[in-house]
Each structure stands twice: as structure tokens, then as C-alpha cells.
Amino acid sequence: TDSIPPQKVQQELKLSPLPKRAKRTYLAMDKDKEVIGYVIPVFRANHDVVRGLMEAQEEDVTEEGINYVAMRNLFVREAREALDVKVEKKTRTKYVRESAERLEVNRTMDEWAEFRKKMNPDNLTHRPEFIVKPRGQTVWEGKTVKLHCTVAGWPKPKIAWYKNNVLIDAKAHPEKYTVESNYNMHSLEIKNCDFFDTAQYHISALNVKGESSCVATIVVKRFQEDEESVPLDSKPRMSLYGFCAEHGVTFETTIIDKFEVAFGSEGETLSLGCTVIIFPTVKRYQPDVVWYRNSVPLKPSKWVHTHWSGERATLTLVHLNKEDEGLYTLRINTKSGFETYSAYVFVRDAEVEVEGVPVAPLDVRCHDANKDYVVVTWKQPAVEGSSAILGYYIDRCEVGTHHWAQCNDNPVKYARFPVTGLVEGRSYIFRVRAVNSAGVSRPSRVSEPVVAMDPSDRAPGPSAPWTGMIKFTEEEPTVGVVPGEPSDVMVTEATKSYVVLAWKPPVQRGHEGVMYYIEKCMSGTDTWQRVNTAMPVKSPRFALFDLAEGKSYSFRVRCCNSAGVGEPSVSTGEITVADKLDLPSAPGNPVATRNTDTSVVVSWGASKGVTQLVGYYIDCSVVGTDVWMPCNNKPVKQTRFVCHGLTTGVNYVFRIKAVNAAGYSQSSPNSDAVVVKAAISVPGKPTGVTLLEAVKDYMVLGWTEPANNGGADIRGYFVDYRTVKGNIVGKWHEMNLKAENLKENVFYEFQVRAVNMAGVSKGSVPSAPLECKEWTITVPGAPVGLHVLEVRDTSVVVLWEPPLFDGRSPVNGYYLDIKEASAGEEGWKAVHEKTNKMKYMKVTGLKAGTSYVFRVRAQNIAGVGKPSATLGPILAQTRPGTKDIYVDVDDDGVISMVFECSEMKEGSEFVWSKNYQAITDTSRLTITHERGKSRAIFNSPSLDDLGTFSCVVTNTDGISSSYTLTEEGLKRLLDISHDHKFPVIPFKNEMAMELLEKGRVRFWTQVEKCTSACQVDYVFNDVIITQGKKYTMNFDKSTGIIEMFMDSLEVTDEGTFTFNLVDGKAKGTTSLVLIGDEFRELQKKSEFARAEWVRKQGPHFVEYLDFTVTPQCDVLLKCKISKKDAGIYEVFLSDDRGKDKSTFNLTDAGYQAVMNELFRVIANSSSEIQVTSTEHGIILYSMVTHYNEDLRVGWLHKDAKIAASERVKSGVTGEQLWLKINEPTEKDKGKYTMDIFDGKDGVKRVFDLTGKDRARVVGGLPDVVAIQEGKSLNLTGNVWGDPAPEVSWTKNEKALVSDEHLMLKFEHGKFASITITAVTTSDSGKYALLVKNKYGAEAGEFTVSILENVSVDMALVPLISSLAL
């Protein structure tokens, strides 16, 4: 050994090829004695610890053998010498030779030591040895576990306990750990275990001869793994810490605003959060906030975001996948302890794009990665689709690219696949898709990236202890050496699709890397075939595909490098190509039990003999259907699971299937049907324990029953008592309801417990100390049982029970007092002045949001007694969703009262009462219950039913309501009931009669409403008449008009006409009486109308001969005829002097001459053509004094006749002749002519539209404008038209007027603008720009939306940020 200067030592340290702290004791070597790694001891001590250990041993050992002294001195000397640095340079050959010699010497020394130990065991020191090793245990949460072991060794070993390699300091945490050591027996006691105590526990024994250790595993199981709630008043568990000396306080942690069981779908973002209160508040102190999924701590990633605002802890799961499903736990660690809260998160599958395809697989992982090889595993999905899954496709993608390549051509059935052909040094991610007969699923979430490289190059091993010696080795030249054969060739996986081989690299390989050829040989032959002829593989792993199923093969491996191919390895022996992993067996029968209103606990027997179990899937189905739905989308390994998200009150059955890499098991048998509703629990605590009566040796107690009966009837109560002397209280003792055999003038406290079929409740708050002393007062005792119903914003109903002690005379009334809860004793005031004889009272006039307290005093002839125990505080506030009793009258006229409740719980019932007393006379009311609704039906409503009816829902927070039935209200309801029992069809008009042309008579009426089933009977004098020659009937049910026609009225038609209607239960009747003079007058009118119609069928006068006097005082005789009355007319004039006749031929030429003169007058009366605009276009028109249908009018455009179309039409309205042009275009410009026939050439009216444009909005206005409140809005619209159009603006079809807030402008005849300054939400609406000239009009519409400003309190920014996550 050569000495080296210190500077040289530092240089050599940097160049050392071996770890700096190498020590031969911890070197791990292969068969050729080559250093390949290090073994790390469980317990390692430095020299100071060893010295202390030795000094401690010297105090315990009185007699030391010479061997012990020699070994101690040697140990100390070696420790001192280890401080000197020595450097020695050796060749590898020399190093291997010395190592072999050293091993031989050590073996000889060990044999000699064993011999001397046998010869003289008492005087020879020896290293610690475990005689009895600690055993691993599995315990329930909350239990205490104890590990035991026995250790031998001399000198006496020093013992240390570790949890997951972390030293346990039992003295610092005595509330959690207790360590004992007696006579070489050692124990570790762990108290109040929780699931965080699940760990590996090491015990290390050390003395001067060496160190030994043993490991035991503790598994803590939670009885209810999906515990969802922790009482807010529970104390923090001081599991790890106690009093915090650093801050001088004990921190108490409370978790409120807890997240509940959550449901999400794949692709969504879900946030969980809790508010954390830590008391007391210490400045700058922050707790340690940790989130867990299935007891595994979560680390922030692209999928998981955590946030702690100082008050609220938030966990955000970005882009949910089924891998995110599980039990989430929030743990708050402080210096004084920790507090946890857990709830389950379910992740549903996203909607499939193609019906029937399976859902995506999950939990894709990479294993056994090597230079060009990796094994990909995954878990099968819960839903296979419309048919069984045929297999899976595996895709890979090189990190940094977006190209996915499919790794397998044919689907693989196993949930495990070896991927080959990777490029060394590159990183890859993988995904998996399932396929069935319907198609391929969506891909799974991608795996974590994996690097294709040799595992030995992936990360350096742990460093060994520093020995003070640095050794150099030199590699011998190996260039040109053919590598040796691989060893330990074995088949690690074998399925009918592929076989995976693994082996160890050869010992002789040198610096040059080696590659491998794989050869196979079919059973029964001696021919070996090289599998990878084209390219040798770099990894000591290889997957062989395309093997014949059911055939047997042998395999071997050869190494190669640049020098050549080495010798083959030893053959694996015959391997049959078949599935080695069987499908799991069906799980045992599932048992479903009630849990909550939306969940059920399902437990089952584990699958027997299953290998590599992945977990279980639970399916549920509504009874009566064959539709199965998954309860979990991530397999669970335990045999108990809480299925959430079920529908309350529905019957479900459940089944289980197991899954491993080979696939799914058969489903278990279906469970028995179970109704989803809350399980029965123990009742709540009774309240208000008071003294009702006191005698010499006993007292009578009273209390208020629990608000929550636990879903089952209260079966009874237990009463406990204890004595009180000053501030000293005695032990609790049980007694009966009557506190008997008590001692007079002694004070006692009492507490009460309620019991139902589920168990006994917690004790009530102890009563005030009560003295056992006989009452001698004359006034009544205090009323008891105060409670409230129908709590609203401004009213509440207070009820009570009479006192048990009436005094000297019976109770004749009560007084109710009230005060605000925040007021002092002087704030009490009476609710009423006169005595109330009822045991209830409705208090009105309360202030919403104010809390009140109440008390009641009883009165008898002697006076008013003591007030009752105070009731309250009661908050005057109407609960959200509160409903009141309403009265319903059905179609049959049945009157009932209805009360609905949406917060029904297990065991909740509707209880009806009258005047707040139980209804004993069931003959008056019939009560029925539906889901969440109760109906009280009046059997025979009468004055006996007057009063206040109330309904209370039990096992709730006092949900109740009342309805007061008064005499006036009863009368109104009876009228409505009668109308419903005997409904009448309402008529808009009663039957009427009118005379038509030809003398026909029409009888008609109209009903307000009717159905399509309505029928009508037509009756005359109580005889139904039908349609025929005399009668014609018609009933238009869409309008409700009923008609009957008669051609004429005869003498026999005198009487009563009736329409009888029937529409379901409803009926209606209307009649018309035609008799006497009224009938005869109508008959005459009918006959006259008939005769007139007959007269007008031939030539007739429209107006009979009459006279008129002209301005020239000429008397003209005139008459009026129609065109069809053309003929020869004669006028006869006669008197006493004689007679004369005048004839006028009004046929042919004579008639035409008259008409031509008429046309001339009309044509000459026409006005000039004018134009007007409409919303559709323009109208050209001319007015005349009269119009005759035979008058010919024609329209021309540019001297060409205009053809009628949908766009261009002509016609006459009254005395207006018009031409309508809809949506005029450039082609419509030009000269328009109206030609009116005047008997000769015609009269023409001309109008020129050349160069004229209809008003239009040609642009500039958007469809929608969104602007922030307080900003200014300015819009400009471009308009066009000749002549220049008129412009106006409207908002919501109402005209706008310019003012300071809203300015309207029209500039240069082309630009119309609107400006709104400082817009507000009232400016939102639909606006329009209207333009109009004489050739047309148009509207440009747009919508204005105002965005409100949102002010953010900066103190809330962290909270908002966490919620946004």
C-alpha cells in the first residue's frame, strides 16, 4: 500500500469506478465474484452510537471474559483506524483472488467460532439472534395490537423499533406506543389503530458482535370503509402528537362543509372541498393538508390539483377517468394530532358513440421495461356492451409525437400484453381499446411514460457505508471474445396467444454489449429453428407469437456480439402453448342490506381458488326489469361495498362478478330484493327533563320525546339519577319512571335515554338539581311538553300539555309568554290578555329571521302557577320548500285536504289531528297516503267538521301545516262540490233564431267549451227530431256553434225548440219558445221572404217606381233595376181625362247605351295616379266616384300590358283602382298607364316611376350588440332612397325620442345614428331603424344586451380560485 498526498487522494476519489463508501461486508457479488450492487442493512449505527452502546454494556456486565475484552478493543481500534483514508490499486484478477481468499478465511473463522461457542457458550460473546420472531397481524380500526418477540445475544442487545424504516420514539408519543423489554422478551403495543398504522414494523437488535432484524406487517381494516360523516363535535384524535410545546397550545381541528358522495362522468371536472377550522389560531401556522385515494397519498399532477386557502382545502380532478374512482380522504395534520374525513367518488362511463360497443378499459400500466421490450397491463371495464368482449387492442405513442401505432393485429383476450420492437432510449406511452361484435370502444387513459432502456442503467443503486478505503480495478481486455451462454432461461408467461421468455445475461461479456438469438424446437423433433433471424434482441426478454395452440415447444437462447455467436443456453424443457391462468370462479351469494335513502350495503363471498384477482364488479337491477347497471366502474378487492346513487323506495337486486387478467367470472346468483331506504338507527336524545310533581319520598318527571326516533317507534325510556351536594355529583343509577325511595331534602339530577328496536340513545342533558320535597302550593304546577309546529316567517303554533299537579282546584286556563331570545328577563311579555282554555295557540306578528323563546303558565281559582321550562330559541323562518295544506275538490265532487312533503325519511309518517288533538272519530275523515303525499277526505262534510286541521310529518325537523275550515269556507266548498258532481255545460249564447234568405229559419247557440265526445239532441215539443227534408243540423265542435235550419215555418211548427247537450258527466240545455203572436209574426216574415226570393228569380225592380225633384223643380219618376232585369219597360198614365203609355226598350242596344254612359261618368271621375308605400312594396292607385263590375280597367308598364303574378297584382277596393308591386326592383322603374273604358276610346291616367327608389337600410347595423353596463353605445346605419326617406327609431316596437341619454341623428340623407350614453340594464331590448318614402319602407332590426358589472371582494379571490379549479 502506497501513501498518497491529500491532494492526490481527492483526485483519486473523483476517478474511482466504485462507490466512495464501499465496504466488503455490504458488497453483493455474482458467481464470478464481480461486484454488482450493495445490500443495505435495516439498522446502521455510527461509531459514537457504538461507543455509547459499549459503555452501557460495561455497566450491566460485571464479569468480562478475555475474549469479550479482546473483541471490544478490536472493535474500537477498527473504528479508530477507519478514520484514516487508505487507497489501494489492484487489478480485477488480483481483486477476485483476494476476495476468494477472504471468503475462505471468513468461513474458517465462522466454523471455529461455532465450535468455541459449543465448547464454552457462557463465556463467548455472540451476535443477537431471534428465538421467537414477531408475527404480522390484521386488526380492525380502533383496536389495540401488540407485537412480541424474544431475542438472545451477548452482550445484551439494544432494541429499536421502526415503522416503515422510521424510528419509533415511544417516549415522545406515549398515548400511541408502549415499548417493553423484560428478560429478553420485547413488545411493541400500538393503541387505537387506524388505517394509517398499516405498515411494516422492524425490530433491530444490536450489540458489539453485530445486528439482527425481523419484520412484521400490521394491516388495519376499516369496518365501514366508505364512512361518510364524522360528528362535528368529536374531538380530534391525538394519534401521533399531544401537547405542542412549540406553540404552547393544543390544536383542535374541526372539518365542516364536507363534500358528500360524488358522481361524475368521464371527461368532466370534479372538485371536492371541506372547510377546516383550527382552534386556537396561531399566526403563520399552517397545518399539513394531505389528500388520499384508497389510502394512497395523492400528488399534484395534470390530473390532480390541490389547493389550501388557509380555511378551505380543495381537490380538483381534471378530466375524470375511471381510475379516479375510489374513497377520497382529507387528512389535516397539526402539531397536536390529526383529523380525517372520507367520502366515495364514483365515475360513470362517458356516452358511447356507437350503441352496443364496450366502454373503455382502465388503469393501463407498464412493467418489466427493458431496451426494446415492455409488458402492458390493464383492467377490464365494468360494461362489456351488447355482447361479450372479444379482446383488446394496444396502441403506443412515442412521447413528443401525436402518432398512435397499433401494437397487435389481432385482439388479445388477456389483460396483459408484451410489446416488442421499441427503440432503445426513447420514451413511450400506451393506451388500450376493447372490441366486441358491435365495434371498438374509446381508448383508455394513457399510461405513464416509460423509457426503453436496461433496468441496470435506469437509476444508480443505494450507496454503501463509508469504510475509509478506496479500491481501483482494471478491466482486462475482452475485445474479440465470444460471449458465453445465458443462464436461467425460463418461461415467465404462457398463453394461447404468446409465450414470454426471460433469462440472465452471460457472465463473460466484456465491455461490449451483447444481443440475443432465440431458438425453438417443436416437441418430437430435434430441429432447432431461430425465431428472430433478421434482428437479434437487446433485452433479456422476448415474446414469441404465432405458436400453434396446444403444441409443446422447447426454447433456448444464444448470445452474440461482433466476435460471433456463443453457445446455446440450457433448454427450457417442453412448454405447452395454452392459457396458464384460469378464469376466476363465481363469487358467493351476495347479501344486500339497507344503508341510507340512496345507498345499499352489499357483501358477498370471495371467489374460491382465484389466481391474480384484480377485483370485483357489482351490478344492480330494478326488480321487474332485466336492465343491469354497474355500481362501480373500478374493481374493488374487498368483499363488501356500498352502492350509492340508488332511487329511494325502489326494489333492487344485485349480482357480483370477479375479474383477473384472464377475464370475467360467471356472475354470482342474484341477491334477495331490498328496498332502498334508510336503515333503522338508535333514536335521538330526549330533551327538557323537568319536575312535574314532588312528594316526600318520590318525584314525577317529564321530558320531551326525541325529535328523531331513528326510523322506528320509541319503545320506552331509561331514567338515571345521581345525587348532588354542592359542586360534587355522585354516580349515575338506573330507576323506573317514578323516582321512588328518594331521600327528603336531597338534591338529585336526572337524565333520560330513549330506546327503540335498534338500541338505546345517548343520555339527555342532565336536569337542573331538583330537591325531593313535598309540594304544598295551591296554584297549579308548570305545564309540560312544550313544542312548536308550523314555524313560518311571521307565525308559529305553540302546543303544551297540562301540569300533572293541578293545585287545590282544576286548571281553568293558560297564559303564553314570549320574548326575543337575545332579550333579558325583562323582555318577557304576554301573547294574550284573556285566559286561553285551549292547549295550543298560534302566535302571529313575529319578525322574520328573529329567534324567540316561549313559556306557559297554568291558572286555577287560586292563581297562576310557575312558568314552564323555556322553549326555544325558535327561529321565525319559513323552511325552503315548505308547503301548506290545500283543499282539493275532484271531478266526483269529493272534498279533501292534501299535504305534501318532499323530505320524507325512513319511518316518517303523516299524522293528522283536529284542533291539535288526535282524531278519534274516523267516520268523519278517510286518510290515505301516497309517496310523499297525504290526503284527508271528508266522508260527509257538515258543520260538525268545522275546526283547525293540522298534519305533522314525524321523524323530520318539525315539518307541519294546518288548515282552518270555517262555515263560509265549507259552504263555498259544498257549492264547488255540487258543480263537480253535477257539471253544467256553459253557453256563450242562449238559443236564438234568425230569418235567412228564401224564408229559411236558423236556430243556433254557442257553448264556451266542449270536448270531441259532446253529443246534441234536437228536440221539438219533447220529441227528438232528426235530419231530413225539413230539418238540417250542424255542430262545429271547434267553435262550439250548434245550428238547426228549417226551409219554412208551417202552422204545425208552433211550440218549443230545445238543444240537449251531453259531454261526459256535464249536461246543458237551451230552449226557444215560438207560440202565439210571436210565432205568427215570424211565420208571416218567413212567407214574405220566400215570396221576395221567388220574385227576384225573374225580372224585377231593385227599387220600385219613385219620384225625385230636381233643382229646376222638375219632378222625375225613377226606378232601379239590375243587369239581369233587362227588358221592355212600359209606363201607364191615366186619370179621368184619359190615359197614356210610354215604352222604353232596355234590351241590347238600349241597355248598352245606358251602360256606356255609366262608364263615361266613372272614367271621367277617376283621379290622377298616386303612389303609397307599404312594408311589402308600393301601391299605385286612382279614386273613382262609383265602380261597376262590368267596367274594364287595364294597367300598362312601358306601354306593355302587365301580366298578373304573385308580385304584381291589380284590383279594386271600394272606389279605389290599384296596382300593387311587392319588393320592387330596378326593372319596375318606368311609365305606368291605367286605361279605363268610357264607352268609346277610354280614359288614360299616367304615372312615371323613372329614377325613383324605395327607402332601404343598406348596412352598418349588427344583429346583436353586447356591451358592459356603464359604457356608451354608438351605432350608425346606412340608408338609401329617392326621394330621401324619413327616418325613425323604435325600441320594443315603441317610438324613441332623442334626449340627453339617447341621441338620434340623420345626416346627409344617408347616415342615421343612435348614441346611448352610460348604458344600463334597462337599455336592453330589440331596436329597429325605420326608413320610409313614398315608394316603400324598410326596417333594420338589432338586439342590445347589457352585461352587468360583477364586483369581487378581494378577500374572496383565493376561495373563488379554488372553486374554479
Side-chain angles (χ1 to χ4, degrees), residues 687-688 690 702-705 707 779-803 811-860 863-886 897 899 901 911-919 946-954 956-966 969:
T687 57
T690 56
W703 57 84
T704 303
E705 65 181 1
V779 295
V784 296
L786 270 71
H787 61 285
V788 295
L789 296 175
E790 306 169 32
V791 180
R792 301 295 187 265
D793 285 340
T794 59
S795 64
V796 67
V797 176
V798 183
L799 302 94
W800 60 87
E801 296 295 331
V811 174
N812 58 18
Y814 301 92
Y815 291 98
L816 175 62
D817 300 334
I818 184 176
K819 79 176 183 70
E820 293 186 7
S822 59
E825 287 298 318
E826 67 280 0
W828 285 105
K829 60 181 179 180
V831 176
H832 52 99
E833 296 181 358
K834 296 184 179 180
T835 304
N836 176 30
K837 298 185 179 297
M838 310 301 293
K839 292 180 292 184
Y840 65 89
M841 173 167 283
K842 185 171 185 177
V843 183
T844 60
L846 305 181
K847 299 177 183 178
T850 304
S851 295
Y852 296 89
V853 292
F854 303 89
R855 68 184 185 188
V856 181
R857 295 169 292 152
Q859 173 184 278
N860 61 6
V864 179
K866 293 183 178 181
S868 66
T870 301
L871 171 65
I874 305 298
L875 178 63
Q877 186 178 57
T878 303
R879 289 173 47 124
T882 298
K883 297 182 179 180
D884 291 322
I885 296 176
Y886 65 91
M897 296 177 293
F899 185 47
C901 176
V911 178
W912 288 85
S913 60
K914 181 179 181 182
N915 296 329
Y916 298 99
Q917 294 183 352
I919 298 177
L946 300 182
T948 299
F949 293 87
S950 62
C951 184
V952 178
V953 183
T954 62
T956 62
D957 295 334
I959 296 178
S960 57
S961 181
S962 63
Y963 177 81
T964 301
L965 183 62
T966 61

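Heavy atoms only: backbone and side chains are in, while hydrogens, waters and symmetry mates are out. The shown structure was predicted, so the numbers you read here are calculated from the model rather than taken from an experiment.
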Subject >> Distance, nearest 0.5 Å, that separates CG of D817 from CZ of F854 >> reply: 10.5 Å
**OP:** State which residues pass side-chain hydrogen bond (donor to acceptor under 3.5 Å, both in side chains) with T964; sequence neighbours excluded, sorted by chain then number.
**Re:** T948
Subject >> With V853 via side chain to side chain contact (heavy atoms under 4.5 Å, CB included) - residues at least two apart >> reply: K819, A821, W828, T870, P873
Original post:
Does S950 have any side chain to side chain contact (heavy atoms under 4.5 Å, CB included) partners at least two apart in sequence or in another chain, and if so, which?
Top reply: E790, S913, Y916, S962
**OP:** Over all heavy atoms of both residues, which pair between R857 and V864 is shortest? Give the atoms and the distance, please.
**Re:** CB-CG1, 3.6 Å
**OP:** For A876, enumerate each residue passing the side chain to side chain contact (heavy atoms under 4.5 Å, CB included) test, keeping only those at least two apart in sequence or located in another chain.
**Re:** L846, Y852
**OP:** Please name the residue in the list L871, L816, V784, L799 that meets the side-chain contact (heavy atoms from CB on, under 4.5 Å) test with V856.
**Re:** L816
**OP:** For residues 837-850, pull every pair meeting salt bridge (charged side-chain N to carboxylate O under 4.0 Å, His left out), keeping only residues two or more places apart or in separate chains.
**Re:** E820-K847
Original post:
Which pair of non-hydrogen atoms, one from S960 and one from V952, has the smallest distance, and what is that distance?
Top reply: CB-CG2, 3.9 Å
**OP:** Could you list the residues that satisfy salt bridge (charged side-chain N to carboxylate O under 4.0 Å, His left out) with D793, not counting sequence neighbours?
**Re:** none
Subject >> By side-chain hydrogen bond (donor to acceptor under 3.5 Å, both in side chains) - contacts of N812 (at least two apart) >> reply: Q859
Subject >> By side-chain hydrogen bond (donor to acceptor under 3.5 Å, both in side chains) - contacts of W800 (at least two apart) >> reply: none
Original post:
Under the side chain to side chain contact (heavy atoms under 4.5 Å, CB included) test, which residues partner V811, sequence neighbours left out?
Top reply: P780, P803, D806, Y814, A858
Original post:
I919 and K914: which non-hydrogen atoms are nearest, and at how many Å?
Top reply: CG1-N, 3.6 Å
Subject >> side-chain hydrogen bond (donor to acceptor under 3.5 Å, both in side chains) partners of T704, counting only residues at least two apart >> reply: none
**OP:** Sequence neighbours left out, what pairs pass salt bridge (charged side-chain N to carboxylate O under 4.0 Å, His left out) with at least one residue falling in residues 872-884?
**Re:** R792-D884, R879-E903, R879-D957, K883-E900
Subject >> Between OG1 on residue T882 and CD on residue Q877, distance to nearest 0.5 Å >> reply: 9.5 Å
Subject >> Atom pair NE2 (H787) and CD (E801), whose distance is rounded to the nearest 0.5 Å >> reply: 7.5 Å
Subject >> V798 and Y840: CA distance, side-chain angles, deciding distance, side chain to side chain contact (heavy atoms under 4.5 Å, CB included) verdict >> reply: CA-CA 6 Å; V798 183; Y840 65 89; over 6 Å; no
Original post:
Do the side chains of Y963 and F899 get nearer than 4.5 Å, heavy atoms only?
Top reply: no
Subject >> Heavy-atom closest contact (G813 atom, T835 atom, distance) >> reply: CA-CG2, 3.0 Å
**OP:** Using ring-ring contact (aromatic ring centres under 6.0 Å, His included) as the criterion, list what pairs up with F949, not counting sequence neighbours.
**Re:** F938
Subject >> Option among V796, V831, I874 that satisfies the side-chain contact (heavy atoms from CB on, under 4.5 Å) test with I818 >> reply: V831
